[in-house]
Amino acid sequence: MNDFLELCKNRRSVRSFDGKLPDSNILDELKSFASKIANPYGVKVRFVFLDAKEHDLSSPVLSGDRYYVTAVVDKVEHSDEAFGYSFEKLLMHAHELGLGTVWIGGTMPRDKFEKASDLADGEIMPCVSPLGITAGKMSVKEILMRKGVKADSRLPFDKLFFTGDFSTPLTEDRAKELGIYKALEAVRLAPSAVNKQPWRVIADDHKAVFYVKHDKGFSTPSYDLQVIDLGIAMYHFEAQMATEGVTPLLTRYDHHPQAPSGMDYIATYSY
Ligand SMILES: Cc1cc2nc3c(=O)[nH]c(=O)nc-3n(C[C@H](O)[C@H](O)[C@H](O)COP(=O)(O)O)c2cc1C
């Protein structure tokens with residue numbers, strides 16, 4: 001794999017496509033990759049590859065969209081984190097193969113996508129993504145959408161990452177000493193619903209504790225888009241550490257600083 005952080009730096013959500021089906025060899029490679037994706041929760045995520053014309057699929061924020069992938073998971077404990085982790089692993093590989101993608105969790109006719117994904121009892125399909133070649137020019141609606149959510153900016157390092165407890169920001173220099181600077185940068189640059197960046201991390205020697213900072217309006221009875229965002233962040237953390245030859249181990253219910261109001265503990269990585 002290329003340096004994962006470099007892949008993060010040159011990724012963006014793509015909402016304007018060339019109107020053509022993706023190359024069949026690339027799709028075959030992506031489908032084969034998808035069949036092997038696992039996540040640290042051991043929860044299976046099923047991917048469904050769909051021709052947009054055949055299934056009459058579209059999204060009001062996209063143009064030139066011709067092909068989709070949806071992701072389906074059983075509604076079980078930690079299905080949100082598992083979903084975010086596994087789907088992001090697939091979408092980052094699609095990006096590596098030259099395809100444009102964008103997480104879509106809201107702006108779609110959900111019933112059509114669910115029908116095309118053939119949901120079984122107990123299964124949910126929180127998000128989908130188009131797959132295709134990025135158009136030469138962004139559509140006006142894409143430009144406006146990016147402006148609306150300030151898609152090109154991220155919160156600074158010291159507003160997201162801490163050491164000891166939430167009252168001490170983690171400096172970039174200290175993160176470098178801890179050997180997790182690039183992995184946390186990969187988290188910082190990750191996509192998130194409405195670009196809210198709900199991930200917070202307390203990092204100390206060989207330990208990184210992940211929390212979600214909740215905003216209103218992201219949770220449904222079946223899934224929470226911001227916990228899905230945390231699954232995405234965890235994948236980014238692990239993938240960058242893997243690039244550097246380190247395999248962090250994910251645990252739950254380890255000793256960790258208490259989450260302040262509005263935040264929840266997600267998981268701890270030891271590395
Ligand atoms: C879980 C999730 C759900 C999202 N849902 C939508 C959506 O419904 N419509 C949309 O246009 N973008 C959606 N996005 C894309 C975000 O708006 C985008 O990632 C964010 O603005 C940052 O921009 P970037 O991905 O170009 O860095 C979603 C992203 C995530 C992670």
Donor-acceptor contacts, no H, no angles, side chain residues 160-171, under 3.5 Å, sequence neighbours left out:
{"from": "T163", "atom 1": "OG1", "to": "A203", "atom 2": "O", "distance (Å)": "2.8"}
{"from": "T163", "atom 1": "OG1", "to": "D204", "atom 2": "OD1", "distance (Å)": "3.0"}
{"from": "D165", "atom 1": "OD1", "to": "S167", "atom 2": "N", "distance (Å)": "2.8"}
{"from": "D165", "atom 1": "OD1", "to": "S167", "atom 2": "OG", "distance (Å)": "2.6"}
{"from": "T171", "atom 1": "OG1", "to": "R174", "atom 2": "N", "distance (Å)": "3.0"}

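Using a 4.5 Å heavy-atom threshold, the side chains of K176 and K182 count as separate.
Of the possible polar contacts, one joining the R110 side chain to the G105 backbone as a donor-acceptor pair under 3.5 Å is found. The backbone N or O of A193 sits less than 3.5 Å from a side-chain atom of D229, completing a donor-acceptor pair. Put simply, the side chain of S79 gets close to the backbone of V76: a donor and an acceptor are under 3.5 Å apart. With hydrogens and angles ignored, the 3.5 Å screen pairs a side-chain donor or acceptor of E142 with a backbone N or O of S16.
In summary, R46 and E123 engage in a salt bridge, as defined by a charged side-chain N under 4.0 Å from a carboxylate O.
The two residues A175 and F157 have their closest heavy-atom pair at CB-CZ, 3.7 Å. The two residues S59 and I104 have their closest heavy-atom pair at OG-CD1, 4.2 Å. Of all heavy-atom pairs spanning L5 and Q240, the tightest one is N-OE1, 2.8 Å.
For K196 and F218, the positive end is not near the middle of the six-membered ring at less than 6.0 Å and at most 45° from its axis.
Partners of R66 according to the side chain to side chain contact (heavy atoms under 4.5 Å, CB included) rule, which considers only residues two or more places apart in sequence or in another chain, are L21, D51, K53.
The one candidate from K141, M138, R146 that meets the side-chain contact (heavy atoms from CB on, under 4.5 Å) condition with R15 is R146.
Between Y211 and H256, the ring planes lie perpendicular to each other; the angle is over 60°, past the 30° to 60° tilted range.
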